Chemist: 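Below is the structure I would like to discuss, written out as structure tokens.
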Amino acid sequence: MVEVEYKNVTKRYDDGSEAVKELNLEIKDGEFLVLLGPSGCGKSTTLRMLAGLEEITEGEIEIDGLKINHLPPGARGLGMVFQSYALYPHMSVSENLSFGLRMAKGDEKLDDQEIKLRVREAAEMLELIDYLDNKPKELSGGQRQRVALGRALVRRPKVLLMDEPLSNLDAELRHQMRNEIRRLHDELGTTTIYVTHDQIEAMTLADRVAILDKGVLQQHAPPLEAYNNPANDFVKSFLCRHIDDLVETANNLFSKE
Ligand SMILES: Nc1ncnc2c1ncn2[C@@H]1O[C@H](COP(=O)(O)OP(=O)(O)OP(=O)(O)O)[C@@H](O)[C@H]1O
Ligand SMILES: [Mg+2]
């Protein structure tokens, strides 16, 4: 059972600005939560505090009931995928996938056989088997992002964190990867927190969506529920109106055929 809980979490940067304000949010075991909101609303900061990449100013974050505020990032059992793939350019796909496992120390150290097995398993899941000996520069954007995802998955993280992982991809690939990410989640059941400013991405991926504005949580609900019963004017305009506009545009296009 892997639950994540934000309890009254505030992030104040050195300049005094509050990026996240008294956030209370619970992510259930196996849930796919999407953090949604406009640029600058505090999505990445929310994720980075959980990952240990940003200090928590006030409040607590718990994983499985254990306060993790002061645990180093590596001890939190999380996997993280960023917008920039940040692959090692001189290493092959296989080496990129295994790097984190090879560097592990102490209890986390695995033998070579197990590392090979996990790399193979991830490569199969992500359709990278034919590319294991290729270098990142020989891959497409989508394949590179799959390597980045695989690199997080081989560690079998308790919680998978993704910060706008698809925004460097073209529309077609984004659509395809979105489906793959959801399929992988359903297959593995890993508790997942996914950051995006894209309403459609949130609607199609999330079990529940947490909508932020200016560091404040506006609504936390299944996407359709938020769409049907927006909690306030912000959600109405950011989520509902945006989706209605898209649907209207699509309908207009089709009615001209
Ligand atoms: N190191 C920092 N020092 C001061 N302010 C910061 C720092 N990092 C982020 N901020 C501010 O905190 C707020 C939230 O930033 P954050 O990166 O979490 O937003 P975001 O929702 O991820 O936006 P985007 O969609 O553009 O990535 C912004 O107003 C940003 O300017
Ligand atoms: Mg961000």
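We count ligands from 1, going down the list as the structure has it; atoms in each ligand are counted the same way. Since this is a predicted model, take the numbers as computed values, not measurements.
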Chemist: Tell me the nearest of Pro38, Gly16, Gly40 to atom 13 (C) of ligand 1, using heavy-atom distances.
Modeler: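 Minimum heavy-atom distance to atom 13 (C) of ligand 1 goes to Gly40.
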Chemist: Does any N or O atom in His197 lie less than 3.5 angstrom from one in ligand 1, N or O only?
Modeler: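 Checking ligand 1 against His197, no N or O pair falls under 3.5 Å apart.
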Chemist: What's the spacing between Arg241 CZ and Asp245 CG if we round to 0.5 Å?
Modeler: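 So the gap between those two atoms works out to 8.0 Å.
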Chemist: Any side-chain heavy-atom pair from Met177 and Arg146 closer than 4.5 angstrom?
Modeler: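 They are in contact (side-chain heavy atoms under 4.5 Å apart), so the answer is yes.
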Chemist: Give a yes or no on whether a salt bridge exists between Lys116 and Asp112, defined as a side-chain N under 4.0 angstrom from a carboxylate O.
Modeler: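 Not counted as a salt bridge, because no side-chain N and carboxylate O are separated by less than 4.0 Å.
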Chemist: Is the distance from the Mg ion (ligand 2) to the nearest N/O/S atom of Ser39 under 2.8 Å?
Modeler: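 Here the distance criterion (N, O or S atom, under 2.8 Å) is not met by Ser39, so no.
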Chemist: Which of the atoms in ligand 1, numbered in the order shown and given with their element, are less than 4.0 Å from a heavy-atom of Thr45?
Modeler: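 What qualifies from ligand 1 is 14 (C), 15 (O), 16 (P), 18 (O).
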Chemist: Provide the closest heavy-atom pair for Met162 versus Leu160 in the form atom of the first, atom of the second, distance.
Modeler: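 Reported closest heavy-atom pair: CE-CD2, 3.8 Å.
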Chemist: With the side chain counted from C-beta on, respond yes when Thr46 and Val9 share a heavy-atom pair under 4.5 Å apart, and no when they do not.
Modeler: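 No, too far: nothing below the 4.5 Å cut-off.
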Chemist: Scan the protein's non-hydrogen atoms and note whether one is under 4.0 Å from atom 30 (C) of ligand 1.
Modeler: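 There is no protein heavy atom less than 4.0 Å from atom 30 (C) of ligand 1.
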Chemist: Taking only heavy atoms of Glu164, which atoms of ligand 1 are found under 4.0 Å from at least one of them?
Modeler: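 Reading through ligand 1 atom by atom, the close ones are 25 (O).
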Chemist: Considering Ser44, Ser167, Cys41, which one's heavy-atom position lies nearest to atom 17 (O) of ligand 1?
Modeler: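 Result: the heavy atom closest to atom 17 (O) of ligand 1 is in Ser44.
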Chemist: As an exercise, identify every atom of ligand 1 less than 4.0 angstrom from a heavy atom of Ala19.
Modeler: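 Checking each atom against Ala19, I get 12 (O), 13 (C), 14 (C).
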Chemist: Answer yes or no: is there a side-chain heavy-atom contact under 4.5 Å between Glu18 and Lys214?
Modeler: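 They are not in side-chain contact.
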Chemist: Following the transitive rule for hydrophobic clusters with a side-chain heavy-atom cut-off under 4.5 Å over Ile, Leu, Val, Met, Phe, Trp and Tyr, establish whether Met91 and Val147 coincide in one cluster.
Modeler: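 Looking at the clustering, Val147 is in a separate group from Met91.
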Chemist: Starting from atom 5 (N) of ligand 1, what is the nearest protein heavy atom, named by residue and atom, and what distance separates them?
Modeler: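 Going atom by atom, the protein heavy atom closest to atom 5 (N) of ligand 1 ends up being Tyr13 CD1, 3.3 Å.
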Chemist: How far is atom 25 (O) of ligand 1 from its nearest protein heavy atom, and which residue and atom name does that atom have?
Modeler: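 Heavy-atom neighbour on the protein nearest atom 25 (O) of ligand 1: Lys43 NZ, 2.8 Å.
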Chemist: Applying a heavy-atom cut-off of 4.0 Å, say which part of Val195 lies close to ligand 1: side chain, backbone, both or neither.
Modeler: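 It is neither; nothing of Val195 touches ligand 1.
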Chemist: Is the closest heavy-atom distance from Gly37 to ligand 1 below 4.0 Å?
Modeler: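 No; Gly37 lies far enough from ligand 1 that no heavy-atom distance drops under 4.0 Å.
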Chemist: Assign the ring pair Tyr194 / Phe32 to parallel, tilted or perpendicular, where the plane angle (0 to 90°) is split at 30° and 60°.
Modeler: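 Tyr194 vs Phe32 ring planes: tilted.
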Chemist: Any idea which protein heavy atom is nearest atom 26 (O) of ligand 1, and the distance to it?
Modeler: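 Ranked first by proximity to atom 26 (O) of ligand 1 is Ser39 OG, 2.6 Å.
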Chemist: I want to know if ligand 1 touches Gly42 in the polar sense, i.e. an N/O pair below 3.5 angstrom.
Modeler: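 In this structure, Gly42 places an N or O atom under 3.5 Å from an N or O of ligand 1.
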Chemist: With side chains defined as the heavy atoms from C-beta onward, is the minimum distance between Pro73 and Leu78 less than 4.5 Å?
Modeler: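 Not touching, per the 4.5 Å side-chain cut-off.
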